[in-house]
Structures are given as C-alpha cells and as structure tokens.
Amino acid sequence: MLSPFAHHVQEGLSASPRTLSSMYIYDAKGSTLFQEIMKMPAYYLTDAEYAILKQQSPDIAHLLKRKPGQALDIVEFGAGDGTKTQLLLSYLHQQQWNFRYVPIDIS
C-alpha cells in the first residue's frame, strides 16, 4: 500500500498534464520566503490587490446584495496572512455586517 505522498506523486505524474500538489512545496520556510517576495516592489500583484480592496470595498460590499441582518460567510482560498482582505473585513465591520471569515491556505 502506498503512502498518501507516494499516491499523490504517482497519480499526479501519471496525469496529463503532469501535476504535483502545491501542499508538498510550501513548508514554513517556503511560506516565509513567499511572504518576503510579496513585499518586493517587483511583485506588483500584492500592491495592486491591496489598492483594489482599499478603493473598492464599498462597491464589493454593495455587489454582495445581502439583506439587512443576513449573515454572510466569506471564504477566501489562498488567504495567506489575510493582510489584503483585512481592508474589506474592516469595512464590513464598520458597516455592522453580520459575517464570518474563513481563510483557507495551504501553508
């Protein structure tokens, strides 16, 4: 019987295209390194996403079309440290929204 790791490797490398789950790439050291990369000026995605959430949180909230008092689950895949999402969550909190935040990240 194969270990879960061996099974994932065999399954992924037998597929077309070949794959390997990122859960085998990101350990604590890799996650820390990626956090540092995201802070570099050349990695513009973080700044762009931050700017969008800073400027557009009210519009994003409006598009959610929730009814007054309605609970909302916000599930974020690839949340990382949640720094950018904090902008939207702060806005929703200020507006007294009833919500639950569920961050999910492989690291």
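Residue numbers count from 1 along this sequence.
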Nearest-0.5 Å distance, OG of residue Ser31 to CD of residue Glu36 =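 The CD atom of Glu36 is 12.0 Å from OG of Ser31, to the nearest 0.5 Å.
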Would you give me the side-chain donor-acceptor pairs under 3.5 Å for residues 37-46, sequence neighbours excluded?
{"unit_1": "Thr46", "atom_1": "OG1", "unit_2": "Met38", "atom_2": "O", "d": "3.4"}

Solution key, residues 69-89 side-chain donor-acceptor pairs under 3.5 Å, sequence neighbours excluded:
{"unit_1": "Gln70", "atom_1": "OE1", "unit_2": "Lys67", "atom_2": "N", "d": "2.7"}
{"unit_1": "Asp73", "atom_1": "OD1", "unit_2": "Arg100", "atom_2": "NE", "d": "3.0"}
{"unit_1": "Asp73", "atom_1": "OD1", "unit_2": "Arg100", "atom_2": "NH2", "d": "3.2"}
{"unit_1": "Asp73", "atom_1": "OD2", "unit_2": "Arg100", "atom_2": "NH2", "d": "2.9"}
{"unit_1": "Glu76", "atom_1": "OE1", "unit_2": "Thr85", "atom_2": "OG1", "d": "2.6"}
{"unit_1": "Glu76", "atom_1": "OE1", "unit_2": "Tyr101", "atom_2": "OH", "d": "2.4"}
{"unit_1": "Glu76", "atom_1": "OE2", "unit_2": "Thr85", "atom_2": "OG1", "d": "2.8"}
{"unit_1": "Asp81", "atom_1": "OD1", "unit_2": "Thr83", "atom_2": "N", "d": "3.0"}
{"unit_1": "Asp81", "atom_1": "OD1", "unit_2": "Thr83", "atom_2": "OG1", "d": "2.8"}
{"unit_1": "Asp81", "atom_1": "OD2", "unit_2": "Thr83", "atom_2": "OG1", "d": "2.9"}
{"unit_1": "Lys84", "atom_1": "NZ", "unit_2": "Glu49", "atom_2": "OE1", "d": "2.4"}
{"unit_1": "Gln86", "atom_1": "NE2", "unit_2": "Ser90", "atom_2": "OG", "d": "3.1"}

inquiry  = Before you tell me yes or no, could you show the steps for Gln10 and Ser14 under side-chain contact (heavy atoms from CB on, under 4.5 Å), namely the whole-Å CA-CA distance, both residues' side-chain angles and the distance that decides it to 0.1 Å?
reply    = CA-CA 6 Å; Gln10 182 181 41; Ser14 298; 4.3 Å; yes
inquiry  = Is there a path of hydrophobic side-chain contacts, each under 4.5 Å between heavy atoms, that joins Leu92 and Ile52?
reply    =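 No, it is not one cluster - the side chains of Leu92 and Ile52 are not joined through contacts under 4.5 Å.
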query = What closest approach, in Å, do Ala61 and Tyr91 show between heavy atoms, and which atom pair accounts for it?
reply =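 The answer is CB-CE2, 3.7 Å.
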request  = Check whether any side-chain heavy atom of Ile60 sits under 4.5 Å from a side-chain heavy atom of Leu53, and report yes or no.
outcome  =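 Yes, at least one pair of side-chain atoms sits under 4.5 Å.
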ask   = When Ile, Leu, Val, Met, Phe, Trp and Tyr are grouped by side-chain heavy atoms lying under 4.5 Å apart, directly or through other members, which residues fall in the same group as Met1?
value =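 ILVMFWY cluster around Met1 holds nothing else.
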